[in-house]
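Along the sequence shown, residues are numbered consecutively beginning with 1. What's counted below: heavy atoms across the whole structure, side chains too, no hydrogens, waters or symmetry copies. Keep in mind the model is a prediction, meaning the values are calculated, not measured.
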Amino acid sequence: MIAAFTLWTLCLITTNILAQNTPSTMSNVQVDDIFYHTVERGQTVYSIAKMYEVKVEDIYRLNIGSDESIRAGDKLKIPQKKAAKISTIEPERASDYIYHTIQARETLYGVSKKYGVSGENIVEANPGLSHASFSIGKTIRIPAGKKQKPVTEIVENEKGAKEIYYTVPARETMFNICKTFKVSEKELLKLNPELAGGLRRGMTIRIPLIINEKEIPKGIEPDAGEVNAMLHTKREIKRINAAKVALLLPYNAESQHTNTARDLITEYYEGLLLAVDSLRNQGYTMELFVRDIGDNASDLRKILNDEEQILKDVNLIIGGVSNEQIKLIADFAQKNKIKYVIPFAPRNDDVLSNAYIFQINTPPNLLYANAIYAGANLFAKYNIIFLDTKDKDDQTEFINEFKRDLKERNISCKDVVYEASDFPASIEACLSTDKPNVIIPISSSLDALIKIKTVLRTIAETKPEYKINLFGYPVWQKYAKDCLDDFHALDTYIYSRFYADNMNQNVKTFYENYKNWYSKSPIMSTFPKYGMLGFDTGMFFFGALHNYGADFENNLSEIKYKSLQTGFNFERANNWGGYINTNVYIIHYNKDYTITRSDFK
């Protein structure tokens with residue numbers, strides 16, 4: 001379990017190359033055995049392969065050079081899974097879908113006709129589909145088990161009796177179906193239990209063949225305008241009186257947790273309770289179902305089985321630490337159509353195919369890609385200097401990608417290798433008086449900062465013709481005790497997924513309330529602060545439930561919570577997947593000893 005928490009450390013991943021920003025001119029015309037995926041910033045070949053349940057090696061094989069790097073805007077050939085052909089089964093897994101790349105001038109109606117699948121079923125299979133996301137080059141999935149049968153098709157059932165497959169048109173009624181086909185409502189319900197939930201346009205239902213085949217109505221073509229209008233449908237807000245939330249965390253687990261890890265989970269829970277109290281004081285009503293899920297998957301599996309009747313009625317689940325626990329909760333949430341918040345793990349594959357997941361912790365590849373993009377924008381007109389101090393914790397992958405992004409934008413940069421004996425002279429020789437300078441150490445370590453900060457500060461304070469800035473890493477927040485004055489003197493910027501300004505009145509109030517409630521202070525040596533993470537999570541999601549109901553994802557852009565530490569900017573992983581928090585902060589230690597925190601979105 002310790003491993004789950006080490007995911008919070010701020011080292012760079014060493015797997016796939018970050019996607020950048022050069023578009024490809026490759027055609028995206030789809031053929032039977034492949035479709036095309038347009039790479040987005042922060043995606044890797046691994047994440048794309050997981051999204052479509054194909055092998056990484058197959059993507060490499062179809063896309064020469066993708067094993068070395070991919071960039072945002074590239075179009076990758078993806079093999080269409082042979083097992084996922086239109087069939088008569090009901091789709092339950094990713095392998096029960098085929099994928100379609102949207103072409104120029106294509107419409108939902110056209111795709112529906114192409115695959116013989118109703119517009120309703122395509123929209124249902126792609127919860128993120130809208131007028132905005134139905135665009136050239138985007139991918140949607142087509143449900144394999146939802147083949148739309150024409151009204152005139154007659155089949156034999158398992159008992160040899162003939163039945164009609166009837167696709168329900170707009171404005172159809174049960175009364176009219178019974179009258180037309182001379183069948184009772186009871187018989188229809190027996191063959192089609194789903195009708196108990198109401199008759200809906202686009203449903204394909206079974207009807208016993210009682211009338212003469214010549215009396216069967218001709219096939220009813222769906223109206224193209226009505227099908228395409230589904231992409232513009234505005235969903236109604238269904239408010240709930242009292243939000244029900246399940247917290248599934250290993251509060252008292254012993255075997256694999258260090259004391260610190262257990263304390264952090266407890267602190268996270270305590271922060272959530274402070275959020276509950278704050279919102280209740282504002283008139284919000286909610287019920288909490290708190291369960292200790294233990295160290296391993298077997299404890300959680302038992303809870304989900306034994307308490308299924310209680311848990312399946314909640315509006316939101318928060319919890320899970322290990323990948324096994326997350327998978328179990330994710331499957332349970334998807335089965336019961338419950339929103340699920342993953343609070344800690346930054347790397348999770350379930351979010352790529354489960355529309356009910358909200359992943360709070362920005363995945364490393366996306367965090368770094370966004371930080372590079374923000375940094376390149378911020379320093380586009382600067383003299384950029386990468387400084388190699390030959391220390392541990394080097395961020396080589398990050399720096400290489402940063403340089404590649406700069407090259408793509410035709411922005412020049414310089415490289416300097418630190419040598420103690422001549423560092424003042426060598427760094428000054430690289431500085432510019434015509435434009436501001438930004439120095440980016442390759443190492444994120446405190447040792448690297450200690451080596452360079454005094455020299456840089458001396459130059460900045462004694463030679464005003466040089467404007468000097470530093471740009472660095474989230475872990476630098478830990479060095480504020482030793483380097484805060486230097487950060488301000490050097491006009492320093494860092495990127496991070498979290499930051500709390502201890503001078504902010506709301507942050508001060510949180511610390512006061514925490515101490516009053518629990519007669520202790522939060523653990524101050526960790527970044528992020530877990531109590532504050534729990535508070536921000538509770539305020540955002542509990543408030544969303546109260547204001548917008550269980551389907552609050554339809555109104556994410558309306559949620560205006562100003563966080564203490566962790567910002568929220570959720571974006572769908574794809575048209576059928578869940579939501580990933582893409583928020584990144586750029587933190588600026590200003591020369592006037594103020595600190596500003598800006599959202600990068």
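Between Phe535 and Phe510, the ring center distance clears the sub-6.0 Å criterion. Ring centers of Phe358 and Phe570: under 6.0 Å apart, within the cut-off. Ring-centre distance between Phe487 and Tyr479: not below the 6.0 Å cut-off. With ring centers used as reference points, Tyr356 lies 6.0 Å or more from Tyr340. Taking the six-membered ring where the residue is Trp, the centroids of Tyr493 and Phe471 are separated by 6.0 Å or more. A ring-centre distance under 6.0 Å is not found for Tyr251 and Tyr268. Taking the six-membered ring for Trp and the full ring otherwise, the centers of Tyr368 and Phe402 sit at least 6.0 Å from each other.
In the model, Ser133 has a side-chain atom that pairs as donor or acceptor with a side-chain atom of Asn575 under 3.5 Å. Looking at Asn583 and Arg497, their side chains never bring a donor and an acceptor atom within 3.5 Å of each other.
Classified by interplanar angle (parallel below 30°, tilted 30° to 60°, perpendicular above 60°), the ring pair Tyr495/Phe398 is parallel.
Each of Trp517, Tyr511, Tyr518 was scored for a side chain to side chain contact (heavy atoms under 4.5 Å, CB included) with Tyr514, with one residue passing: Tyr518.
The cationic group of Lys244 does not satisfy the cation-pi geometry with Phe289, failing either the under 6.0 Å distance to the six-membered ring centre or the 45° limit from the ring axis. Figure legend: cation-pi geometry between Lys529 and Phe527, with NZ or CZ positioned under 6.0 Å from the six-membered ring centre and within 45° of its axis. Under a cutoff of 6.0 Å and an axis angle of 45°, Arg41 and Tyr373 form a cation-pi pair. A cation-pi arrangement, defined by a distance under 6.0 Å to the six-membered ring centre and an angle within 45 degrees of its axis, is absent between Arg597 and Tyr499.
For the pair Pro363/Pro346, no side-chain contact is recorded, criterion being any heavy-atom separation below 4.5 Å from C-beta on. Proximity of Ile265 to Tyr530: side-chain heavy atoms (C-beta onward) are nowhere separated by under 4.5 Å. For the pair Asn574/Thr139, no side-chain contact is recorded, criterion being any heavy-atom separation below 4.5 Å from C-beta on. Taking the side chain as every heavy atom from C-beta outward, Leu274 and Val276 never approach each other to under 4.5 Å.
Asn400 is linked by a side chain to side chain contact (heavy atoms under 4.5 Å, CB included) to Thr396, counting only residues two or more places apart in sequence or in another chain. Remark: Ala243 engages Ile240, Met286, Asn315, Leu545 in a side chain to side chain contact (heavy atoms under 4.5 Å, CB included) (not counting sequence neighbours). Checked against side-chain hydrogen bond (donor to acceptor under 3.5 Å, both in side chains), Thr566 has no partners two or more places apart in sequence or in another chain. By the salt bridge (charged side-chain N to carboxylate O under 4.0 Å, His left out) test, Glu267 pairs with no residue at all, sequence neighbours left out. With sequence neighbours excluded, no residue forms a side-chain hydrogen bond (donor to acceptor under 3.5 Å, both in side chains) with Ser278. Under the side-chain hydrogen bond (donor to acceptor under 3.5 Å, both in side chains) criterion, Glu558 pairs with no residue at all, not counting sequence neighbours. Residues passing the side-chain hydrogen bond (donor to acceptor under 3.5 Å, both in side chains) test with Ser66: none are found, sequence neighbours excluded. Partners of Asp393 under the salt bridge (charged side-chain N to carboxylate O under 4.0 Å, His left out) rule, at least two apart in sequence or in another chain, do not exist in this structure. With sequence neighbours left out, Thr594 forms a side chain to side chain contact (heavy atoms under 4.5 Å, CB included) with Asn590, Asp592. Applying the side chain to side chain contact (heavy atoms under 4.5 Å, CB included) criterion to Lys390, with sequence neighbours excluded, gives Asp388, Val417, Glu419.
Distance check, rounded to the nearest 0.5 Å: CD1 of Ile411 to CD1 of Ile384 gives 5.5 Å. Considering CE of Met51 and CG of Leu352, their distance stands at 5.0 Å, rounded to 0.5 Å. Separating the NZ atom in Lys414 from the SG atom in Cys430 is a distance of 5.5 Å, to the nearest 0.5 Å. With rounding to the nearest 0.5 angstrom, the NZ atom of Lys453 is 5.0 Å from the SG atom of Cys483. From Leu490, atom CG reaches atom CD1 of Ile439 across 7.5 Å, with rounding to the nearest 0.5 Å. In this structure, Gln395 CD and Ser445 OG are separated by 9.5 Å, a value rounded to the nearest 0.5 Å.
Comment: Lys327 does not engage Glu324 in a salt bridge, judged by the lack of any side-chain N to carboxylate O separation of less than 4.0 angstrom. Using a cut-off of 4.0 Å between Lys/Arg side-chain N and Asp/Glu carboxylate O, Lys138 and Glu40 are scored as salt-bridged. Between Lys520 and Glu270 a salt bridge is recorded (basic side-chain N to carboxylate O distance below 4.0 Å). For the pair Lys591 and Asp491, the salt-bridge criterion is not met [side-chain N within less than 4.0 Å of a carboxylate O]. Between Asp405 and Arg409 a salt bridge is recorded (basic side-chain N to carboxylate O distance below 4.0 Å).
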From CA spacing to verdict: side-chain hydrogen bond (donor to acceptor under 3.5 Å, both in side chains), Asn469, Lys467: CA-CA 7 Å; Asn469 298 83; Lys467 184 181 184 306; 3.2 Å; yes
Stepwise side-chain hydrogen bond (donor to acceptor under 3.5 Å, both in side chains) test for Thr433 and Glu465: CA-CA 6 Å; Thr433 56; Glu465 64 268 28; over 6 Å; no
Steps toward side-chain hydrogen bond (donor to acceptor under 3.5 Å, both in side chains) verdict (Asn569, Thr582): CA-CA 6 Å; Asn569 183 51; Thr582 64; 3.0 Å; yes
Derivation and outcome, salt bridge (charged side-chain N to carboxylate O under 4.0 Å, His left out), residues Arg457 and Asp485: CA-CA 10 Å; Arg457 184 169 178 176; Asp485 282 346; 5.1 Å; no
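Contact between Ala448 and Thr389 at its shortest, heavy atoms only, is CB-OG1, 3.3 Å. Smallest separation of non-hydrogen atoms from Ala489 and Glu461: CB-OE2, 4.1 Å. For the residue pair Cys413 and Leu406, the shortest heavy atom distance occurs at CB-CD1, 4.1 Å. Listed here is the closest heavy atom pair of Pro343 and Leu533: O-CD2, 4.1 Å. What you find for Phe542 and Leu288 is that their closest heavy atoms are CZ-CD2, 4.5 Å.
Each salt bridge (charged side-chain N to carboxylate O under 4.0 Å, His left out) pair with one or both residues in residues 420-446, not counting sequence neighbours, appears once here: Glu428-Lys463. Within the structure, side chain to side chain donor-acceptor pair (under 3.5 Å) pairs that include any residue of residues 534-549 comprise Asp536-Tyr561 (at least two apart or interchain).
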